[in-house]
Amino acid sequence: MVLQLKDLFDRAGEKQSFEYDLDLSHLRHGAGHPLVKPVHIIGTVENRTGIVTLGYLATFTLNTLCDRCLTPVERDLSMNFEHILVHELAGEDEEEFIVCGDYTLDLDELVAMDILLELPTRILCREDCKGICNRCGANRNHTACSCDQSSPDPRMSVIQDLFQKFK
């Protein structure tokens, strides 16, 4: 959705509301595409005494895999975002403002970047997820494997030899 903002920048007190669904199923995050259902966006752009602000709520379902046990995880999330819009920069820090040089704003691109930057870097199926066994691959949330967990992982033997060498 492209917002036309000329009237908003020209008139203090002007307000523009929007609501729509945005398909972001093409976005990659980690090893997959976690936004398989459309993202619902609702928000406003408002000129308050010459300062144009954008505020919106993004509601979506996150579909991904648990980072410890690889079980599918589906979470409903809502994220609020706010930005200050400017027509041009006059020496300000570019990261604090969204520049709308031609009085238009590609809201789809902004929403996609906002969501990607705010997605959690680590997602667990539950807080006490035990993960998978590093020897047999069993999901330790569902079954107790018979692997000897007291002996170190054989893949780490090179590092253990290195530690022994420096003792």
Side-chain angles (χ1 to χ4, degrees), residues 1-11 13-48 51-89 92-145:
M1 169 182 262
V2 176
L3 296 177
Q4 302 297 327
L5 303 172
K6 176 98 171 96
D7 291 342
L8 238 136
F9 275 101
D10 291 343
R11 291 186 229 147
E14 188 76 16
K15 186 176 184 178
Q16 182 179 348
S17 297
F18 54 88
E19 181 173 0
Y20 71 107
D21 290 327
L22 175 61
D23 179 16
L24 294 176
S25 59
H26 64 280
L27 290 181
R28 286 189 69 77
H29 182 263
H33 300 273
L35 303 171
V36 294
K37 296 178 185 173
V39 177
H40 186 72
I41 309 296
I42 184 168
T44 58
V45 183
E46 189 173 3
N47 184 337
R48 291 185 223 148
I51 299 174
V52 179
T53 58
L54 164 70
Y56 68 91
L57 172 69
T59 307
F60 56 93
T61 302
L62 183 68
N63 289 290
T64 189
L65 298 175
C66 175
D67 285 327
R68 285 189 190 155
C69 70
L70 303 177
T71 301
V73 176
E74 183 173 292
R75 293 247 166 79
D76 292 327
L77 297 174
S78 293
M79 296 179 175
N80 282 303
F81 298 98
E82 289 190 16
H83 298 283
I84 297 175
L85 308 179
V86 295
H87 175 62
E88 59 188 10
L89 288 174
E92 295 95 351
D93 185 9
E94 192 173 317
E95 292 180 14
E96 293 181 33
F97 304 101
I98 304 295
V99 179
C100 305
D102 56 355
Y103 296 106
T104 62
L105 175 64
D106 184 351
L107 195 56
D108 295 353
E109 185 179 326
L110 181 63
V111 168
M113 288 302 107
D114 281 346
I115 289 174
L116 279 176
L117 290 172
E118 289 298 317
L119 283 178
T121 55
R122 186 173 166 136
I123 298 167
L124 302 178
C125 59
R126 59 185 203 216
E127 287 298 316
D128 64 339
C129 178
K130 297 175 184 174
I132 56 175
C133 175
N134 60 1
R135 288 184 172 62
C136 68
N139 185 334
R140 297 190 304 170
N141 295 314
H142 303 300
T143 183
C145 64

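Residue indices begin at 1 and follow the sequence shown. For clarity, every value in this text was computed on a predicted model and none was experimentally measured.
When the shell of 6.0 Å around CD1 of I51 is examined, it contains 12 or fewer heavy atoms from other residues, nucleotides or ligands.
The one candidate from L110, L105, T53, V45 that meets the side chain to side chain contact (heavy atoms under 4.5 Å, CB included) condition with H83 is L110.
A distance of 10.0 Å separates CE of M1 from CG of L22, quoted to the nearest 0.5 Å. Atoms SG and CD1, from C129 and I123 in turn, are 12.5 Å apart once rounded to the nearest 0.5 Å. Put simply, SG on C125 and CG on N139 are 7.0 Å apart, with the number rounded to the nearest 0.5 Å. In this structure, the separation between CD on E19 and OG1 on T44 is 12.0 Å, given to the nearest 0.5 Å. In this structure, SG on C69 lies 11.5 Å from NZ on K130, to the nearest 0.5 angstrom. With rounding to the nearest 0.5 Å, the separation of SG in C100 from CG in L85 is 4.5 Å.
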Legend entry - Worked check of side chain to side chain contact (heavy atoms under 4.5 Å, CB included) between M79 and L119: CA-CA 9 Å; M79 296 179 175; L119 283 178; 4.2 Å; yes
Legend entry - Pair L24-H26, side chain to side chain contact (heavy atoms under 4.5 Å, CB included): steps then yes or no: CA-CA 5 Å; L24 294 176; H26 64 280; 4.1 Å; yes
Inset, instruction - Show the numbers, then the answer: is there a side chain to side chain contact (heavy atoms under 4.5 Å, CB included) between L62 and E74? - result: CA-CA 6 Å; L62 183 68; E74 183 173 292; over 6 Å; no
Legend entry - side chain to side chain contact (heavy atoms under 4.5 Å, CB included) assessment of V86 paired with I98: CA-CA 6 Å; V86 295; I98 304 295; over 6 Å; no
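Side chains of D7 and L5 form no contact here, defined as non-hydrogen atoms less than 4.5 Å apart. At least one side-chain heavy atom of R126 sits less than 4.5 Å from a side-chain heavy atom of N141. Between F60 and V36, every side-chain heavy-atom pair lies at or beyond the 4.5 Å cut-off. Looking only at side-chain heavy atoms (C-beta outward), P72 and L65 come within less than 4.5 Å of each other. L116 has its side chain within reach of H29: a pair of non-hydrogen atoms, C-beta onward, lies under 4.5 Å apart.
Side-chain rings of Y103 and H87 approach one another, their centers coming within less than 6.0 Å.
In plain terms, the two heavy atoms of T61 and L35 that are nearest each other are O-CD2, 4.0 Å. Taking all atoms of both residues into account, the shortest heavy-atom contact from P34 to L27 is CD-O, 3.8 Å. Heavy-atom minimum distance, Q16 versus L3: NE2-CD2, 3.8 Å. Closest non-hydrogen pair, L57 versus S78, comes out as CD1-CB, 3.9 Å. Taking all atoms of both residues into account, the shortest heavy-atom contact from L107 to F18 is CD2-CE1, 3.3 Å. In terms of heavy-atom proximity, H40 sits nearest to D21 at ND1-OD1, 2.7 Å.
If you check the side chains of N63 and H33, you find no donor sitting under 3.5 Å from an acceptor. With 3.5 Å as the limit, one finds a donor-acceptor pair spanning the side chains of D114 and Y56.
A side-chain donor-acceptor contact under 3.5 Å links N47 to the backbone of R11.
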